[in-house]
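Index from 1, following the sequence. From a predicted model like this one, the values you see are computed outputs, not experimental measurements. Atoms within each ligand, like the ligands themselves, are counted from 1 in listed order.
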Amino acid sequence: MEKARIIEIPRIVDERGNLSVVEEDGLVPFKIKRSYWIYDVPGGEHRGGHAYKENCEFIIALSGSFDIVIDDGKERNVFSLNRSYYGLYVPHGLWREMENFSTNSLALILSSTDYDVNDYIRDYNEYLAYKKNEE
Ligand code: TYD
């Protein structure tokens with residue numbers, strides 16, 4: 001099973017301000033089909049709390065910081081994102097939650113599939129059963 005991992009995004013450092021770019025050149029391990037962003041998150045809120053059967057993600061903290069909790073049914077890992085030149089690759093089939101959003105944080109999520117409500121597993125026990133079935 002593939003694991004979630006942090007990927008460094010190239011930086012073009014410039015006195016006028018830095019620039020980072022993500023394109024379909026192999027840095028992100030899937031073809032980007034969709035992008036969305038999460039912003040104006042009230043203090044203490046969390047997002048996510050689900051798994052995707054097919055969809056893979058690449059999550060970037062474009063501004064501010066937040067934590068992403070990744071759970072494969074056996075092990076939980078927390079990845080903190082706080083720089084716009086690091087992204088977290090989340091392969092499909094992992095439970096993920098997002099929490100500890102700082103004020104004015106902005107999360108960009110690049111996704112491998114179109115939005116599909118049927119691709120979500122939103123119940124943790126259902127997720128555990130799904131994982132068990134896959135083994
Ligand atoms: P959801 O993925 O559940 O957000 P989170 O996991 O961060 O809590 O999406 C929240 C709502 O937004 C849900 O009603 C579906 C809608 N939505 C779309 O219409 N298209 C999309 O691409 C996404 C990601 C969500």
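Here the shortest heavy-atom pairing between S63 and N104 reads OG-O, 3.4 Å. Residues D119 and E54 come closest through the heavy atom pair OD1-N, 2.7 Å.
For the atom pair CD of E97 and CZ of R76, the computed distance is 5.0 Å after rounding to the nearest 0.5 Å. Rounded to the nearest 0.5 Å, atoms CG (D67) and OG (S80) are 3.5 Å apart. Atom OG of S102 sits about 8.5 Å away from atom CZ of F66, to the nearest 0.5 Å.
Around the OH atom of Y115, the shell of radius 6.0 Å holds more than 12 heavy atoms that belong to other residues, nucleotides or ligands.
Set against the non-hydrogen atoms of I38, the atoms of ligand 1 under 4.0 Å away are 7 (O).
Counting only heavy atoms of the protein, atom 3 (O) of ligand 1 lies nearest to R122 NH2, 2.7 Å. Protein heavy atom nearest atom 7 (O) of ligand 1, with residue, atom name and distance: R47 NE, 3.0 Å. Distance from atom 22 (O) of ligand 1 to its nearest protein heavy atom, with residue and atom name: R34 NH1, 2.5 Å.
Looking at ligand 1, you'll find an N or O of G48 within less than 3.5 Å of one of its N or O atoms. Considering backbone and side-chain atoms together, H50 places an N or O closer than 3.5 Å to an N or O of ligand 1.
Proximity of atom 1 (P) of ligand 1 to the protein is indicated by at least one non-hydrogen atom lying closer than 4.0 angstrom. Closer than 4.0 Å to atom 12 (O) of ligand 1 lies none of the heavy atoms of the protein. Remark: atom 15 (C) of ligand 1 lies closer than 4.0 Å to at least one protein heavy atom.
Between atom 17 (N) of ligand 1 and the options Y36, Y115, Y120, the minimum heavy-atom separation is to Y115.
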Name every donor-acceptor pair, under 3.5 Å, that has one atom in a side chain of residues 10-19 and the other anywhere in the protein, sequence neighbours excluded.
| from | atom 1 | to | atom 2 | distance (Å) |
| --- | --- | --- | --- | --- |
| D14 | OD1 | R16 | N | 2.8 |
| D14 | OD1 | R16 | NE | 3.0 |
| D14 | OD2 | R16 | NE | 3.3 |
| D14 | OD2 | R16 | NH2 | 2.7 |
| N18 | OD1 | D14 | N | 3.0 |

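Of the heavy atoms in V117, none comes closer than 4.0 Å to ligand 1.
A side-chain donor-acceptor contact under 3.5 Å links Y127 to the backbone of D71.
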